[in-house]
Amino acid sequence: MNINWYPGHMTKAKKMITENLKLVDLVVEILDARIPYSSRNPDFKELFSNKLQIIVLNKADLADPVTTEKWRKYYDKIDTPVILVDSKSGFGMRDFLNSVNKVMRDKFEKDRAKGMKRRPVKVMVCGIPNSGKSTFINKLTGCSAARTGNRPGVTKDKQWIKINPDIFLLDTPGVLWPKFDDDLVAINLALTHAIKDEILDSERLCIKLIDFLLKKYPENLMGRYNLIDINKDSHEILKDICENRKFLIPGGGPDIQKAASTVLDEFRKGQIGTISLEEPDDF
Ligand code: G4P
């Protein structure tokens, strides 16, 4: 699968992040809990190496809780604060605010020892497109201070957002990186819709998803699509899904395209179940 691309606005966005880094005390990287590895921008590792950092595993409601717990332990082990969040319901928001205060405690104490007044913490929020930055910020503010939308890259302009008298957020545009060295990373980004559908072949992508579900979540696949026999090739399974859902083209053959986009859409909405595409041991 050939997915090598880098829209120009992302180069600008990365520049904006680099330039504003000196203004902030702390960086929050929003990851998709279903793909904590693939949704972590490798370019950020070096960029943020001298900054205090919190990882937010967003969309935890869509991920497999057993796997998410493994990721939590993984981050605990490498001493990186990690918070599980569902930005739609607001689950994890209180934990996030507590974590900001905890991470900043040393700094507050040093300031106080120097006789300085406590000043608001400035936090930069980063993440790939569609990781849920806008939804996360909206939930924290309790209003629509940050715009949300169903297309990657909607958060475009620099803006400071006051969460409370102690915390200010700097929203940043979603950034990917210029080249995906690993096909699996590209596939996982596409499956979770960080990459727009138009640049991908949805049938091939859906086959990759079915291959994965057959290995890791066969019951979910069988249950959702009323499949009786899954000891067959993923292409055959997609045809069975057409039959069970009555997706037919004029003339009566299976409408594979419709089945593929339906399966992808239902996976993205969590209708096939809580599914994680990656475990810490995979890497
Ligand atoms: P972005 O700023 O990082 O680009 O992401 P944005 O907040 O626009 O969110 C992208 C999509 O992910 C939106 O769905 C949003 O509702 C959904 N989302 C964000 N956080 C969570 C979460 O914690 N759990 C779940 N289940 N979904 C989340 P959409 O399909 O574009 O719109 P909508 O119909 O869901 O509102």
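All figures in this text were calculated on a predicted structure; none of them were measured in a lab. When a ligand or atom number is given, it counts from 1 through the structure's own listing order.
Under the 4.0 Å criterion applied to side-chain N and carboxylate O atoms, Lys88 and Asp61 are not assigned as salt-bridge partners. Ionic pairing of Lys110 and Asp106 is not present here: no N-O contact between side-chain nitrogen and carboxylate oxygen is shorter than 4.0 angstrom.
The neighbour count for Tyr37 OH, taken as heavy atoms of other residues, nucleotides or ligands under 6.0 Å away, does not exceed 12.
When each atom of ligand 1 is checked for a heavy atom of Leu62 under 4.0 Å away, the hits are 26 (N). Near Ser87, with a cut-off below 4.0 Å to any heavy atom, the atoms of ligand 1 are 20 (N), 22 (C), 23 (O). Within ligand 1, the atoms closer than 4.0 Å to a non-hydrogen atom of Asp86 are 22 (C), 23 (O), 24 (N), numbered from 1 in the order shown. Atoms of ligand 1 found under 4.0 Å from any heavy atom of Ser131 (numbered from 1 in listed order, with element): 3 (O).
Both the backbone and the side chain of Asn130 come within 4.0 Å of ligand 1, counting heavy atoms alone. Heavy atoms of Ile30 found under 4.0 angstrom from ligand 1: none, in either backbone or side chain.
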Step-by-step salt bridge (charged side-chain N to carboxylate O under 4.0 Å, His left out) determination, Asp64 to Lys70: CA-CA 10 Å; Asp64 181 337; Lys70 291 184 190 166; over 6 Å; no

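Considering both main-chain and side-chain atoms, Pro129 never comes within under 3.5 Å of ligand 1 through any nitrogen or oxygen pair.
Evaluation of the side-chain hydrogen bond (donor to acceptor under 3.5 Å, both in side chains) rule for Lys51 yields no partner, not counting sequence neighbours.
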Please tabulate, for the side chains in residues 228-254, all donor-acceptor contacts under 3.5 angstrom to protein atoms that are two or more places apart in sequence or on a different chain.
from, atom 1, to, atom 2, distance (Å)
Asp229, OD1, Asn231, N, 2.9
Lys232, NZ, Asp240, OD2, 2.7
Asp233, OD2, His235, N, 3.1
Asp233, OD2, His235, ND1, 3.1
Ser234, OG, Asp211, OD1, 2.4
Asn244, ND2, Tyr225, O, 2.8
Asn244, ND2, Asn226, O, 3.0
Arg245, NH1, Glu266, OE2, 2.9
Arg245, NH2, Glu266, OE1, 3.2

